[in-house]
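Along the sequence shown, residues carry numbers from 1. These figures come from a predicted structure and were not determined experimentally. In each ligand, atom 1 is the first atom listed, and ligand 1 is the first ligand listed.
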Amino acid sequence: MHIILFGPPGVGKGTQAKILSEKFHIPHISTGDRLRMEIKNETDLGLKAKVLMDAGNLVPDDVMIEMIKKVLISPDCKNGIILDGFPRTVAQAVALKKIFEDLSITPRKVLFIEVSVERIMERLVRRGAMEHRVDDSPETVVKRIAIYNNKTSPVKDYYAQQGLLSSINGEGTVEEVQQRMLTELGVQ
Ligand code: ADP
C-alpha cells in the first residue's frame with residue numbers, strides 16, 4: 001500500500017504518517033527527516049540543504065528526486081510506504097509517477113490534509129519553540145506558506161486530475177484525523 005500524505009507545512013502529516021506506518025507495518029518516509037539527518041551527519045548534501053531549509057526554501061527538484069528514487073528501489077519499500085513531504089512541486093510529482101511506473105507500483109491514494117492558515121501558523125511557531133527548528137520562526141513560516149501556495153499547491157490539482165486525491169479535514173484531535181484517513185482508505 002503506497003500512500004502519499006500531502007498538505008501545507010504544519011498540518012500534522014508527520015504525526016499521522018507515523019501512526020499509519022505502525023498500523024500497516026510499512027516505512028514512513030519523510031524527506032524533511034532525511035534532510036535533517038544529512039545535516040546532522042554533515043554530508044555534502046546536508047551542508048547545501050541546510051542553507052536552503054533554514055531560510056524556508058525548497059531543496060532543488062533533481063536532488064529530491066534522486067533521494068526518493070533510491071528509497072523506493074530499496075526492498076523495504078516493496079510492500080508499501082507512507083510518503084510524507086514528497087512531492088512538493090509538480091516536477092517532483094511527474095518524476096514520482098515515472099518511478100512508480102518503472103517499479104510497477106500503483107499508488108493507493110494521495111491524502112490531502114486541510115487546516116486553516118491561522119491554525120498552521122499557531123502550530124508551527126509552537127513547534128519551532130519546542131524543537132528549536134530555525135525554519136519554524138514566524139518570518140520563515142510565512143515564507144514557507146507562500147512557497148507552498150506557489151509551488152506545492154498545484155500538486156493538488158495534478159493528483160485531483162488523476163483521481164487519486166482525497167481531502168481530509170485536519171482539524172480536531174490526532175485520533176479524529178487518523179479515523180478520517182482510515183475511512184478514506186476504506187480500512188475502517
Ligand atoms: P513540514 O512538515 O513542516 O512541511 P518538512 O520536515 O517536511 O517540514 O520539511 C522541511 C524542509 O525540508 C522544507 O521546508 C524544505 O526546505 C525541505 N524539503 C523537504 N522535502 C522536500 C521536497 N520534497 N522538495 C524540496 N524541499 C524539501
Side-chain angles (χ1 to χ4, degrees), residues 2-21 27-41 43-72 77 81-100 107 110-156 158-159 168 170 174 177:
H2 292 75
I3 299 169
I4 299 167
L5 290 192
F6 174 71
V11 290
K13 295 186 294 283
T15 307
Q16 296 297 338
K18 278 189 198 81
I19 303 173
L20 289 173
S21 154
H28 166 207
I29 310 295
S30 156
T31 46
D33 285 352
R34 282 181 186 244
L35 288 169
R36 281 184 287 275
M37 191 56 78
E38 299 279 344
I39 293 175
K40 202 165 149 235
N41 295 336
T43 64
D44 280 351
L45 166 59
L47 296 174
K48 285 186 198 129
K50 183 174 171 21
V51 185
L52 294 165
M53 287 168 73
D54 283 355
N57 290 314
L58 294 182
V59 173
D61 284 338
D62 55 344
V63 174
M64 297 313 299
I65 291 165
E66 210 42 53
M67 176 186 279
I68 224 65
K69 202 185 268 176
K70 281 201 191 115
V71 169
L72 284 172
C77 295
I81 47 156
I82 310 292
L83 194 49
D84 158 19
F86 188 99
R88 256 182 165 87
T89 63
V90 172
Q92 292 181 13
V94 171
L96 181 62
K97 185 165 193 284
K98 169 89 172 54
I99 299 171
F100 276 153
V110 177
L111 299 176
F112 172 67
I113 313 182
E114 282 181 291
V115 172
S116 69
V117 174
E118 297 76 33
R119 186 62 53 83
I120 288 172
M121 284 294 300
E122 199 183 287
R123 284 189 191 174
L124 287 179
V125 173
R126 194 171 345 117
R127 180 174 77 183
M130 278 164 54
E131 295 179 10
H132 308 292
R133 267 180 65 165
V134 183
D135 62 343
D136 282 346
S137 70
E139 308 76 50
T140 314
V141 165
V142 169
K143 181 161 170 199
R144 283 164 65 204
I145 292 175
I147 291 181
Y148 171 83
N149 287 333
N150 286 329
K151 302 226 171 110
T152 310
S153 75
V155 174
K156 189 182 164 196
Y158 176 82
Y159 283 125
I168 308 281
V174 170
V177 178

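The distance criterion of under 3.5 Å between nitrogen or oxygen atoms is not met by Asp33 with respect to ligand 1. The shortest N or O to N or O distance between Ser30 and ligand 1 is not under 3.5 Å. Note: no N/O pair closer than 3.5 Å links Leu58 and ligand 1 by distance alone.
Taken from CZ in Arg144 to CG in Asn57, the straight-line distance is 11.0 Å, to the nearest 0.5 Å. To the nearest 0.5 Å, atoms CD1 (Ile39) and CG (Leu47) are separated by 8.5 Å.
Ion pairing of Lys13 with Asp84 is absent here, as no side-chain N (NZ or NE/NH1/NH2) approaches a carboxylate O to less than 4.0 Å.
Looking only at distances, no side-chain donor or acceptor of Lys151 sits under 3.5 Å from a matching main-chain atom of Arg88. In terms of modelled atom types and a separation under 3.5 Å, the side chain of His28 and the main chain of Gln16 share no donor-acceptor contact.
Under a 4.0 Å criterion applied to the non-hydrogen atoms of Arg36, ligand 1 contributes the atoms 6 (O), 10 (C). Atom numbering of ligand 1 starts at 1 in the shown order; those under 4.0 Å from a heavy atom of Gln92 are 22 (C), 23 (N), 24 (N), 25 (C). For ligand 1, the atoms lying closer than 4.0 Å to a non-hydrogen atom of Asn57 are 15 (C), 16 (O). For ligand 1, the atoms sitting less than 4.0 Å from at least one non-hydrogen atom of Lys13 are 4 (O), numbered in the order shown with element in parentheses. Those atoms of ligand 1 with a heavy atom of Pro9 less than 4.0 angstrom away are 3 (O), 4 (O).
Closest protein heavy atom to atom 7 (O) of ligand 1: Arg88 NH2, 3.2 Å. Among all non-hydrogen protein atoms, the one lying nearest atom 17 (C) of ligand 1 is Leu35 CD1, 3.5 Å. Protein heavy atom in closest approach to atom 12 (O) of ligand 1: Met53 CE, 3.3 Å. Given atom 1 (P) of ligand 1, the protein heavy atom at minimum distance is Arg144 NH2, 3.6 Å. Among all protein heavy atoms, the one lying closest to atom 20 (N) of ligand 1 is Thr31 OG1, 2.8 Å. When hydrogens are left out, the protein atom nearest atom 26 (N) of ligand 1 is Val59 N, 3.0 Å; that is the closest non-hydrogen contact. Remark: minimum distance from atom 8 (O) of ligand 1 to any protein heavy atom is reached at Arg133 NH2, 3.3 Å.
For the pair Leu52 and ligand 1, no heavy-atom separation below 4.0 Å is found.
Between Ser21 and Pro27, the shortest heavy-atom distance links the atoms OG-C, 4.1 Å. When all heavy atoms of Val94 and Tyr158 are compared, the closest pair comes out as CA-OH, 3.7 Å. Closest of all the heavy-atom pairs between Leu20 and Leu5 is CD1-CD2, 4.3 Å.
Counting only heavy atoms from C-beta outward, the side chains of Val155 and Phe6 approach each other to under 4.5 Å. Put simply, the side chain of Val174 reaches to within 4.5 Å of the side chain of Ile19, judged on heavy atoms.
Screening Asp61, Asn150, Thr152 for a side chain to side chain donor-acceptor pair (under 3.5 Å) with Thr89, the sole residue that qualifies is Asp61.
Under 4.0 angstrom from ligand 1, the non-hydrogen atoms of Arg127 all belong to its side chain.
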